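In what follows, every chain begins at residue 1, and chains take the letters A, B, ... in the order their sequences are listed. This structure is a prediction, so every number in the text was calculated from the model and none was measured.
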Number of protein chains: 2
Amino acid sequence: MAGKLYGLGIGPGDPELLTLKAVRLIKESDVVFVPGTDPKDTVAYQITVQAVPELEDKEIVGIAMPMTKNLELLEETHEKGANEAAEYLKDGKQCVFLTLGDPTVYSTYMYIHKKIQKLGYETEIVSGIPSFCAVAAKMGISLSEKAEELHVIPAVYQIEEGMELKGTKVFMKVGKRSGRLRELLKEKKADAVMIENCGMPGEKIFSKAEDFPDTAGYYSLVIAKEGE
Amino acid sequence: MAGKLYGLGIGPGDPELLTLKAVRLIKESDVVFVPGTDPKDTVAYQITVQAVPELEDKEIVGIAMPMTKNLELLEETHEKGANEAAEYLKDGKQCVFLTLGDPTVYSTYMYIHKKIQKLGYETEIVSGIPSFCAVAAKMGISLSEKAEELHVIPAVYQIEEGMELKGTKVFMKVGKRSGRLRELLKEKKADAVMIENCGMPGEKIFSKAEDFPDTAGYYSLVIAKEGE
């Protein structure tokens with residue numbers, strides 16, 4: 001019988017934010033896929049091994065997931081990754097794929113997931129805590145109350161448009177747009193916070209838009225409340 | 001020394017979606033608050049006791065949280081709830097408050113949280129899996145990919161406006177707006193799914209907008225992809 005692939009969300013960084021289901025499935029698995037080429041050096045492995053020490057004795061396989069906007073290269077890499085994973089499933093291995101945050105929110109895992117499904121293997125997604133929930137919790141603020149809308153926006157793309165939306169805005173992967181976002185938020189007089197590397201080493205918190213740096217790291221996220 | 005209040009997200013219904021942190025804090029707590037008047041009959045208790053059997057032997061206290069749009073009544077009830085909780089904190093008890101989904105996403109817990117903070121007690125929010133992530137996982141679909149935006153909209157209010165937004169839309173607590181949403185989605189030719197009671201007894205899935213009923217239950221949620 002062929003194996004099954006579980007796409008596991010491991011949450012935003014704090015090992016204690018893994019779910020009971022993720023922990024059980026990792027313990028029961030034969031093979032653990034992690035995004036990256038050097039398996040035990042990946043962020044996903046480093047977080048998870050703290051919650052599930054049994055991970056050390058598992059077969060860990062790195063699946064390359066380059067950060068690129070080159071669509072052809074991406075497609076090629078995902079195809080290769082899916083084929084690598086499929087080899088283990090064909091052999092009847094139970095496999096889990098560790099992914100930061102939640103697998104359904106901006107994760108590259110979903111590309112592998114769809115390809116594995118097309119190849120005819122059974123798959124299941126297991127939710128993880130999305131980074132924006134963890135940031136809101138850390139800052140002690142609501143993402144949404146009563147009739148408020150919540151908008152999650154990849155900051156590399158549409159920040160100007162996003163800023164016009166009503167309700168709470170979450171800008172993901174702020175990086176180089178940090179300075180521009182700071183200026184827009186100041187104009188709007190909107191309350192906003194930024195966190196870099198939430199729950200991970202090197203965590204930094206900016207609790208006012210005025211303090212946002214010109215450029216932030218890759219794992220940076222802004223929560224902005226409705227301004228004027 | 002005064003106690004501390006932890007607002008714990010217990011996730012969308014599947015007991016295995018509790019986090020390790022929620023489980024630990026429940027076990028370590030002296031008092032467990034649940035939203036409702038009949039503590040052991042509440043949905044929050046019923047879900048959590050399956051993951052943490054130790055809950056049976058804890059002091060469980062119901063905090064009334066009526067569903068009403070009467071702002072005065074709400075304010076009065078939250079004030080009363082916070083004062084009840086504060087009595088235990090004053091006595092130095094470690095307290096957890098169980099809340100469905102994530103505490104920062106449309107939870108009534110946050111009203112209690114703010115009031116407890118104002119009274120000078122230490123508080124901490126612990127993230128839970130939001131219902132929309134669990135629904136996307138169950139249906140095997142992405143909430144957002146690449147440059148896509150994700151919008152979370154309380155369906156009791158602005159569905160017409162919400163429908164015009166780009167990217168993926170999540171309509172929460174669809175209830176009586178189900179029929180209207182069905183017509184709007186058909187006009188837009190947008191792919192959409194609805195789930196009632198995700199992961200709970202009485203779960204129902206509608207995998208096409210055409211199939212949405214005129215009226216759905218309280219715990220109903222729609223994920224709609226961008227249409228025409």
Checklist outcome for this item: Most heavy-atom pairs under 4.5 Å with chain A, out of Ser144(B), Pro12(B), Pro154(B), Pro15(B), belong to Ser144(B)
Checklist entry - Is any side-chain heavy atom of Leu18(A) less than 4.5 Å from a side-chain heavy atom of Thr19(B)? => result no
Checklist entry - If you count heavy-atom pairs under 4.5 Å between each of Ala51(B), Ala22(B), Ala147(B) and chain A, which one has the most? => result Ala147(B)
Checklist outcome for this item: Residue from Leu143(A), Ile153(A), Val126(A) scoring the most non-hydrogen pairs under 4.5 Å with chain B is Leu143(A)
Checklist entry - Looking at CG of Leu150(B) and CE of Met172(A), how far apart are the two atoms once the value is rounded to the nearest 0.5 Å? => result 9.0 Å
Checklist entry - Val170(A) versus chain B, heavy atoms under 4.5 Å apart: side chain, backbone, both or neither? => result neither
Next on the checklist: Heavy atom to heavy atom, less than 4.5 Å: which residues from residues 98-106 of chain A reach chain B?
Outcome noted: Asp102(A), Thr104(A), Val105(A), Tyr106(A)
May I have the list of side-chain donor-acceptor pairs in residues 128-141 of chain B shorter than 3.5 Å, sequence neighbours left out?
| from | atom 1 | to | atom 2 | distance (Å) |
| --- | --- | --- | --- | --- |
| Lys138(B) | NZ | Glu203(B) | OE1 | 3.2 |
| Lys138(B) | NZ | Glu203(B) | OE2 | 3.1 |

Next on the checklist: At a 4.5 Å cut-off on heavy atoms, which part of Lys169(A) comes close to chain B: side chain, backbone, both, or neither?
Outcome noted: neither
Item to check | Exceeds 12 heavy-atom contacts within 6.0 angstrom, atom CG of Asp191(B) | outcome: no
Next on the checklist: Quick check on Glu124(B) against chain A: is it the side chain, the backbone, both or neither that has a heavy atom closer than 4.5 Å?
Outcome noted: neither
Checklist entry - Relative to chain B, which of Arg24(A), Glu161(A), Gln117(A), Lys114(A) shows the most heavy atom pairs under 4.5 Å? => result Arg24(A)
Checklist entry - Quick one: of Leu165(A), Thr108(A), Leu17(A), who has the most non-hydrogen atom pairs under 4.5 Å with chain B? => result Leu17(A)
Next on the checklist: Suppose the criterion is ring pair (Phe, Tyr, Trp, His ring centres under 6.0 Å): which pairs have a residue in residues 134-153 of chain B, not counting sequence neighbours?
Outcome noted: His151(A)-His151(B)
Next on the checklist: Taking ring-ring contact (aromatic ring centres under 6.0 Å, His included) as the definition, give me every residue that meets it alongside Tyr88(B), ordered by chain and number, with sequence neighbours left out.
Outcome noted: Phe33(B)
Checklist entry - Quick check: are there more than 12 heavy atoms from other residues, nucleotides or ligands sitting under 6.0 Å from CD of Glu72(B)? => result no
Item to check | Distance (rounded to the nearest 0.5 Å) between Ser142(A) OG and Tyr109(B) OH | outcome: 10.5 Å
Item to check | Residue Leu71(B) versus chain A: region with a heavy atom under 4.5 Å | outcome: side chain
Checklist entry - Does any heavy atom of chain A fall under 4.5 Å from the side chain of Val23(B), the backbone, both, or neither of them? => result side chain
